[in-house]
Amino acid sequence: MEGKGADKFVYDFAEGNKDLKDLLGGKGANLAEMTNLGLPVPAGFTITTVACQQYLASGAHVDGLEEEITSHLEKLEEAMGKRLGDPADPLLVSVRSGAKFSMPGMMETVLNVGLNDESVAGLSAQAGGDDRFAWDSYRRLIQMFGKTVCEVPGDEFEQALHNAKSAKGVRDDTDLDADDLKALVGAYKDVFAKHTGDDFPQDPREQMDRAIAAVFQSWNAPRAVLYRRQERIPADLGTAVNVVAMVFGNLGADSGTGVAFTRDPATGEQGIYGDYLQNAQGEDVVAGIRNTVPLQDLEGLDKKSYDELLGIMATLEGHYHDLCDIEFTIERGKLWMLQTRVGKRTAAAAFTIAAQLIDEGVIDLDEALRRVTGAQLAQLMFPRFDLAGDPEVLTKGVGASPGAAYGEVVFTAERATELAAQGKDVILVRRETNPDDLPGMIAAQGILTSRGGKTSHAAVVARGMGKTCVCGADQLEVSPSAFLVSGHTVNEGDVISIDGTTGRVYLGEVPVRPSEVVQYFEGDLDPALANEPLVAAVHRLMTHADERRRLAVRTNADTGPDAARARRFGAQGVGLCRTEHMFLGDRRELVERLILAEGDKERQAALDALKPLQRADFLELFREMNGLPVTVRLIDPPLHEFLPSLEDLAVHVAVAKERGESAKRSEKMLAAVRRMHESNPMLGMRGVRLGLVVPGLFGMQVRAIAEAAVALAQEGGRPRPEIMVPLVGAVQELETVRAEAEKIIAEVVGDSGVEIAIGTMIEVPRAALTAGQIAEAADFFSFGTNDLTQMGWGFSRDDVEGAFFWRYLELGIFGISPFESIDREGVGRLVRIASEEGRATRPDLKLGVCGEHGGDPESVHFFHEVGLDYVSCSPFRVPVARLEAGRAALPAQVTG
Ligand code: ADP
Ligand code: MG
Ligand code: MG
């Protein structure tokens with residue numbers, strides 16, 4: 001065993017395989033896999049992520065790494081029969097980053113390493129005297145090395161290139177000849193020297209070592225950090241570095257470079273998808289510098305390579321059992337594979353591809369379910385544009401990432417973040433995007449570009465973020481403050497709408513309607529759409545998830561319509577009905593009467609007035625959920641939340657006095673508000689404490705619940721109410737409430753046959769730790785993970801998220817807000833303890849969770865592991881929770 005790989009930092013491609021992504025990164029692992037499949041991959045080696053971690057932790061030194069690189073480089077040189085940067089016959093390499101998770105455009109790559117003032121001639125000789133090619137390769141090296149290794153501003157190189165082209169009066173890079181490019185190398189060197197204070201390094205090994213170090217360091221570049229945070233990728237993984245012998249797509253018309261997908265990454269349809277660019281190197285395709293041709297056109301250009309490529313694509317799909325994306329280069333008629341991976345895809349494609357692969361017998365239903373996620377399903381539930389109003393189509397581009405977005409047009413990432421911070425919806429419009437635009441892309445509702453296809457930076461990043469994107473709308477003429485299209489000028493601040501599925505761009509704000517998938521869940525799908533592949537795939541995978549899952553899924557709903565919708569979405573009951581919502585609106589007045597009541601009689605009168613209203617609400621809810629459990633939480637928030645604010649009242653009273661008017665009621669209320677003021681209301685008079693202090697309050701609610709249940713039973717229905725007491729920390733609290741409630745229930749229910757369970761929230765840490773006792777008085781527990789997180793960490797949710805969470809995320813104290821996804825180790829441990837100890841007391845104790853976490857995919861998996869009976873979440877998350885609960889129940893996967 002190689003002690004966690006600690007004494008081996010470098011792997012030749014022949015030594016790795018696809019399952020070593022942690023160590024070799026995705027790119028390195030898949031290059032190794034392709035090498036071992038016998039596919040034409042240029043020789044090379046991978047420096048591990050462990051080397052990167054040590055490099056970053058130690059401040060740039062890793063014991064033994066240099067020697068190991070040297071020996072692998074020697075082997076590479078031997079295999080290629082060339083030495084790195086040899087003036088007469090140079091070996092050139094690319095130095096490429098590659099982390100475990102693909103982070104498009106985040107990390108840097110340097111091509112043509114090993115070129116210098118001397119070896120440029122050797123390269124030309126290798127290419128049969130092609131000086132143009134040699135100087136083009138050299139200028140690319142200086143540009144990429146300068147930008148990524150030495151932080152020379154990229155646009156200075158772009159400017160120099162632009163100047164060279166305009167001096168000559170040409171448009172394309174390919175129109176520059178050898179002499180032009182040689183002069184350009186001179187200009188690039190000046191730019192380099194001006195910014196670094198040094199000459200461009202001529203020593204090939206120094207070039208390589210510095211490029212490797214730069215890849216390591218780029219792991220912590222701000223935009224990489226931002227992307228990781230956005231995508232929830234852990235901060236400590238590090239990146240691997242791949243050193244690969246160069247092959248050249250820029251050797252003339254019989255050379256080129258391209259990208260390919262084994263299926264349509266947007267729809268999952270089988271076919272040939274990709275882009276090809278003749279006489280080009282590396283990034284030229286994705287950068288949208290020149291117009292690519294569809295991959296099919298390669299057949300006419302180079303049939304032999306085309307056929308070989310199709311064969312390899314079939315091999316890769318067969319091998320990975322999944323959609324693969326591919327980067328390749330053709331050097332003078334010889335095809336080389338430079339990258340493959342299981343391709344990123346849209347949410348719709350994930351479902352349709354999974355279903356297709358079942359049909360093709362490639363994978364089974366379980367595997368198909370593993371390949372789709374709740375996050376993807378959530379995306380498919382995004383609204384779509386309603387085109388009934390026949391909105392004006394400005395133009396059409398490539399639908400690169402689905403969704404319907406509208407907003408004010410902005411042209412820079414800075415402006416996008418600025419306006420978004422003011423709460424505005426914006427659409428970021430760019431000729432093309434680059435990694436520096438990332439903050440603006442995150443801030444925007446959608447992204448529109450005039451260049452680039454489905455594989456452009458904008459498209460790849462937007463798909464990754466689930467953000468609407470239309471790209472390659474090539475009729476747009478984008479200038480810094482406006483764009484022109486089909487006779488319209490659209491200025492900054494004008495509103496447009498973009499459809500990431502169809503690629504259409506509309507003028508103005510187009511109304512939206514529910515997606516097909518939501519219509520399917522709602523059961524009112526246009527019959528014409530029922531056989532649509534996406535809907536069919538969703539139906540199939542949801543059905544399988546329902547078969548697999550052990551967790552029931554309930555919903556949080558306070559009203560009949562919400563409950564009804566959730567039931568259509570598959571909810572198996574209500575896990576949380578918040579009764580305080582029934583105290584709002586025109587009922588405030590009654591609540592005020594309750595709070596201001598002097599003496600038992602006044603209070604009882606106020607309660608008596610509230611009861612029929614509550615009973616009607618409950619009856620509606622019970623009817624909608626007939627036959628299914630409905631958990632009603634007794635009133636939870638501090639009562640003063642129902643009164644006007646102290647400031648408003650004080651002003652009102654002062655003004656009235658000034659005018660000599662009577663303000664008796666306001667004064668009384670002001671006094672009450674003063675009396676009830678709390679410094680920490682979330683830790684104050686709320687929940688069960690309120691019930692124990694305000695006589696008759698909980699009793700009124702219990703009576704209303706029981707009466708509603710009896711009413712439904714009399715209608716022939718089957719009510720299954722569950723009364724839930726909030727904020728309990730000690731069994732005595734629950735016992736007291738329970739005793740009163742049982743008495744009332746017995747009185748109301750009589751011999752109607754109605755049964756009402758009584759249980760408690762577990763949301764105070766003390767409750768979790770004394771769950772064994774509390775279970776004596778509880779028929780069920782429902783974990784209130786919002787409060788449990790708040791009190792477990794000692795965070796006031798309303799204050800901390802904006803105040804310091806960014807710093808905690810930056811420091812990696814947590815990878816994601818514990819309010820978004822449950823903190824397994826701490827708060828999760830409380831859930832685990834309470835579940836175990838509660839069930840030890842009462843084996844049939846029912847366990848559930850209500851609160852945000854019930855609809856969070858990660859958390860659903862945790863609740864499955866802990867052995868809860870159900871999760872409860874908002875209606876729209878119900879399908880997501882069903883799917884994830886099914887995935888959580890899948891048997892562990894066998895790898896290899
Ligand atoms: P990214 O992760 O951004 O795709 P890559 O490391 O794949 O970066 O490299 C960027 C571009 O350079 C790709 O188009 C790739 O095909 C090309 N490239 C990388 N290594 C070589 C090589 N050895 N020979 C030719 N082209 C290469
Ligand atoms: Mg790549
Ligand atoms: Mg709570």
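Note that these values count all heavy atoms, side chains included, but never hydrogens, waters or copies made by symmetry. In each ligand, atom 1 is the first atom listed, and ligand 1 is the first ligand listed. Here, residue 1 is the first one in the sequence, and each next residue gets the next number.
Atom CD of Glu78 has 12 or fewer heavy atoms from other residues, nucleotides or ligands within 6.0 Å.
In terms of N/O distances under 3.5 Å, ligand 1 is not approached by Thr257.
At a 4.0 Å heavy-atom cut-off, ligand 1 touches Leu111 through the side chain alone. Contact annotation for Met246 and ligand 1: heavy atoms of both the backbone and the side chain come within less than 4.0 Å of the ligand.
Ligand 1 has Ala245 within reach: a non-hydrogen atom of the residue lies less than 4.0 Å from it. Heavy-atom distances between Lys27 and ligand 1 reach below 4.0 Å in at least one pair.
Rounding to the nearest 0.5 Å places CG of Leu73 at 7.0 Å from CG of Leu91.
Between Asp175 and Arg171 there is no salt bridge, since no side-chain N of the basic residue sits under 4.0 Å from a carboxylate O of the acidic one. Between Asp322 and Arg345 there is a salt bridge, since a side-chain N of the basic residue sits under 4.0 Å from a carboxylate O of the acidic one. In this structure, Arg132 does not pair ionically with Asp177, as no charged nitrogen and carboxylate oxygen lie closer than 4.0 Å.
For Asp136 and Gln281, the side-chain atoms include no donor-acceptor pair closer than 3.5 Å.
One of the N, O or S atoms belonging to Gln339 lies under 2.8 Å away from the Mg ion (ligand 2).
The option from Thr109, Val215, Val247 that lies nearest to atom 25 (C) of ligand 1, judged by heavy atoms, is Val247.
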